[in-house]
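Working notes, beginning with the structure itself.
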Amino acid sequence: MKLRVQLQCKNLHEYLRELSPDLLDRLYNHPATCLAVYRELPSLAKNYVMRMLFLDQPLPKAAVALWVKKDSQKHHDECVSVLSGLRLWHSQQLQGGLQGYILNPVFKDNLRIALLGGGRAWADEGSTLGPDRHARDIESLDRYAMERWEVILHFMVGSPSAAVSQDLAQLLVQAGLMKSETGEAPYITSAGFQFLLLDTASQLWYFTLQYLKTAQSRGMDLVEILSFLFQLSFSTLGRDYSVEGMSESLLTFLQHLREFGLVFQRKRKSRRYYPTRLAITLAAGVTTSPVSSYSKLAPTPGAGDAGFIVVETNYRIYAYTNSELQIALVALFSEMLYRFPNVVVAQVTRESVQQAIANGITAQQIIHFLRTRAHPVILKQTPVLPPTITDQIRLWELERDRLQFTEGVLYNQFLSQADFEVLRDRAQGLGCLVWQDVPRRVMVVTPQGHSEVKRFWKRQKSHT
Amino acid sequence: MCADDEVSLLVIVVDVNPIWWGQQAQREPEFTLSKCLDAVMVVGNSHMAMARTNKLAVIASHCQDSHFLFPSKSWRGADNGGDDASSSGDGKYELLSVANNLIAEEIRNVMSKSEYKGNSTETLLAGSLAKALCSGQEMKSRILVIKAAEDCARQYMNFMNVIFAAQKQNILIDACVLDSDSGLLQQACDITGGLYLKIPQKVALGQYLLWVFLPDLEQRSQLVLPPPAHVDYRAACFCHRNLIEIGYVCSVCLSIFCNFSPICTTCETAFKIQLPQMVKPKKKKLKQPT
């Protein structure tokens with residue numbers, strides 16, 4: 001029985017905390033990164049940073065602790081830990097011998113530049129190239145972005161019409177979303193199923209994180225790529241930017257982004273590029289609420305519109321869409337009943353949900369999927385989905401969770417009760433006893449504790 | 001983490017009375033109107049940098065009218081493709097540099113084109129506040145007033161109406177006073193739940209704004225901020241706009257007068273007041289000397 005692998009969608013701060021300290025310091029060298037990191041802080045921490053932004057000397061820790069009221073002390077502690085974990089500030093000894101806080105100077109300078117100017121330009125504005133004869137408006141950019149992103153999702157679902165580059169297929173395999181046997185086309189894994197049911201913003205962020213992990217192995221500079229990504233996320237929609245001054249690895253990165261649908265470039269050699277809405281919402285990532293970010297991402301109807309699913313209390317799902325991808329996604333956990341030119345009717349049954357769960361999808365993901373694609377009419381009622389349906393999906397999932405598996409090593413065929421008790425007490429003392437049956441003199445020990453218990457038993461036997 | 005999707009609007013109302021600022025430039029040359037606007041822009045930028053959904057509006061309050069410095073033409077500043085104003089190539093976040101350029105341009109227009117008569121040091125604060133209230137209709141908003149010149153007693157009525165309207169709409173009014181205390185603004189802050197602060201050092205305006213006025217309502221509940229000042233709640237009479245402690249109140253429309261008048265000027269109700277009985281002084285007969 002396979003243990004289910006949960007898809008972990010880290011947010012920006014968790015990702016940054018895992019980076020090494022000098023990598024972080026290099027990262028903070030760009031105003032866009034500092035602004036992106038600043039935006040993700042808890043609001044109290046933002047105020048702390050703002051207060052210390054224009055100070056050049058360290059502030060005593062006691063003074064900072066006095067900034068909050070007595071009952072908000074735990075908020076203060078949380079902020080202190082967040083700011084220290086991201087290396088945004090560090091302790092420094094003051095002249096009087098007290099401990100003080102001072103903002104990371106690199107971060108401070110670059111955040112000041114982001115707010116007030118006085119530094120280098122982030123990227124060349126397209127204005128040096130003159131107006132674009134083939135300018136694209138925002139609608140066509142959105143359409144392009146959704147089209148490219150859906151090709152990737154189609155490829156994962158296995159539609160024959162979707163074709164992606166070798167690089168991208170390899171990235172999907174490395175990310176664990178697809179598996180490929182040698183010589184055969186890759187097919188989707190259970191993590192891939194879970195990925196499909198996420199909302200677009202989370203999918204983008206997860207995908208980008210996976211890409212960043214493999215970036216170093218490709219010989220790309222992680223800091224450069226991350227800075228460029230954050231810069232993109234702060235650009236204005238509908239405005240073109242020039243590729244002047246971008247290094248080789250950045251240009252390759254740009255081509256990859258073009259394939260994901262994050263930027264639009266008319267031709268490979270084109271000197272200007274347009275960021276799409278997907279890129280701009282990228283850094284907003286996992287922390288914004290899924291409903292609003294999804295509705296901003298898909299304004300065009302028919303190709304994954306915001307909200308097209310109606311869930312009724314008789315376990316019926318009505319999906320007002322004719323996009324193959326959305327229908328395939330709904331079919332993952334429900335039984336298709338009827339199909340019309342603009343509606344698809346499906347029923348959520350025990351078999352269909354349990355089959356989805358056998359494929360690795362959790363009930364929470366199904367419910368999240370339904371909630372994020374809920375039709376605007378349904379969004380007006382509270383709760384959005386009927387509680388009967390959500391509870392029943394969870395119950396069907398629990399039906400499969402009746403057994404809990406723990407690995408262990410079995411000890412049996414003890415010659416005497418005394419032997420059994422000695423060994424059992426030893427295992428209990430080490431904290432690795434999982435289960436015991438005294439009348440039958442059988443016990444189970446964790447694999448980690450097994451070697452220690454075995455050594456102890458051998459010593460015992462050699463004594464007696 | 002903060003998942004704030006609500007649009008949060010900060011309206012900054014700046015008092016640009018040219019006479020007061022002109023005198024100020026002679027008193028303290030290191031703190032002029034441009035320095036004040038720099039501080040305002042820093043606070044505005046910080047507010048917009050805090051969250052993607054934060055919006056900013058800046059209104060300049062002049063002697064007889066008020067102008068929107070930002071946003072100047074349309075409301076959807078963030079979705080524009082950055083058509084007219086090109087961003088400065090100095091590393092500032094694009095959105096902020098567009099906003100700053102617009103503000104700088106507009107204030108230049110306002111100060112050079114406005115004509116004013118007389119040498120009154122009054123500014124039309126009530127009008128600016130009313131405009132600010134109108135712009136903050138659909139979203140959570142708060143108003144920050146930076147006051148330079150003194151209070152104008154003639155605006156008392158309009159001011160109180162604006163304050164009560166703001167209280168009804170749950171809009172905070174904060175006040176940052178540069179020179180002389182303002183009773184009207186103290187009342188406004190007290191009624192709407194905002195903060196009132198008279199700055200000891202004008203040069204440090206930016207730092208005061210960042211420390212005290214940048215946090216929004218829920219962050220204020222966690223931070224320790226300056227306590228409320230003693231408020232002068234005296235009303236102004238409707239006839240002369242003087243602040244009075246004891247006066248006459250019309251029982252129909254509740255308007256306040258300092259002197260009795262038989263007809264209320266607001267609602268035109270006639271009143272009769274019982275004057276105390278006049279006792280005619282008895283003529284004392286002079287005793288005739290016999």
Side-chain angles (χ1 to χ4, degrees), chain A residues 11-13 30-32 35 38-47 50-51 53-55 66-72 75-76 82 110-125 127 135 137-138 234-240 280-281 283-284 286-289 291-293, chain B residues 1-8 38-39 41-54 76-83 85-101 204 206-225:
Chain A
N11 65 8
L12 178 61
H13 282 186
H30 199 280
L35 200 54
Y38 171 73
R39 269 209 179 153
E40 299 291 310
L41 289 171
S43 38
L44 195 59
K46 282 186 196 166
N47 277 298
M50 267 300 143
R51 285 188 174 188
L53 190 59
F54 294 102
L55 296 177
L66 284 178
W67 283 350
V68 275
K69 294 190 185 155
K70 292 276 176 6
D71 26 328
S72 306
H75 289 280
H76 169 77
V82 166
N110 281 289
L111 190 59
R112 276 197 210 171
I113 293 179
L115 284 182
L116 307 173
R120 284 177 305 122
W122 293 3
D124 239 352
E125 306 302 317
S127 49
D137 62 335
I138 295 183
F234 285 115
S235 37
T236 343
L237 190 59
R239 199 158 165 186
D240 58 318
I280 292 179
T281 52
V286 202
T287 48
T288 54
S289 100
V291 183
S292 63
S293 64
Chain B
M1 296 280 174
C2 45
D4 228 30
D5 313 322
E6 266 184 31
V7 178
S8 170
D38 281 341
M41 284 203 264
V42 168
V43 156
N45 286 356
S46 310
H47 175 79
M48 285 209 281
M50 273 201 148
R52 206 170 271 273
T53 51
N54 277 1
R76 298 252 158 265
D79 286 354
N80 270 348
D83 27 318
S86 58
S87 50
S88 56
D90 67 348
K92 208 193 290 193
Y93 175 25
E94 231 179 306
L95 195 65
L96 302 179
S97 67
V98 166
N100 291 158
N101 291 343
Q207 199 72 300
Y208 280 109
L209 289 176
L210 282 179
W211 278 58
V212 179
F213 294 106
L214 185 61
D216 65 7
L217 190 56
E218 41 176 290
Q219 294 156 23
R220 282 183 200 190
S221 58
Q222 297 169 347
L223 288 168
V224 174
L225 292 168

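Convention: sequence-line order gives letters A, B, ...; per-chain numbering from 1.
Ranking A:Lys70, A:His76, A:Met50 against chain B, the residue ahead of the rest is A:Met50, based on heavy-atom pairs under 4.5 Å. Ranked by heavy-atom pairs under 4.5 Å with chain B, the first of A:Asn110, A:Leu116, A:Leu66, A:Leu55 is A:Leu116.
Residues passing the salt bridge (charged side-chain N to carboxylate O under 4.0 Å, His left out) test with B:Arg220, sequence neighbours excluded: B:Asp174. Looking at residues two or more places apart in sequence or on another chain, you find a side-chain hydrogen bond (donor to acceptor under 3.5 Å, both in side chains) between B:Asn45 and B:Asn100.
For B:Met41, no part lies under 4.5 angstrom from a heavy atom of chain A. Neither the backbone nor the side chain of A:Leu111 has a heavy atom closer than 4.5 Å to any heavy atom of chain B. In this structure, chain A has a heavy atom under 4.5 Å from the side chain of B:Leu96, while its backbone stays farther away.
At least one donor-acceptor pair closer than 3.5 Å links the side chain of A:Arg39 to the backbone N or O of B:Ala49.
Between B:Leu214 and B:Leu209, every side-chain heavy-atom pair lies at or beyond the 4.5 Å cut-off. Counting heavy atoms from C-beta on, the side chains of A:Tyr38 and B:Met50 come closer than 4.5 Å.
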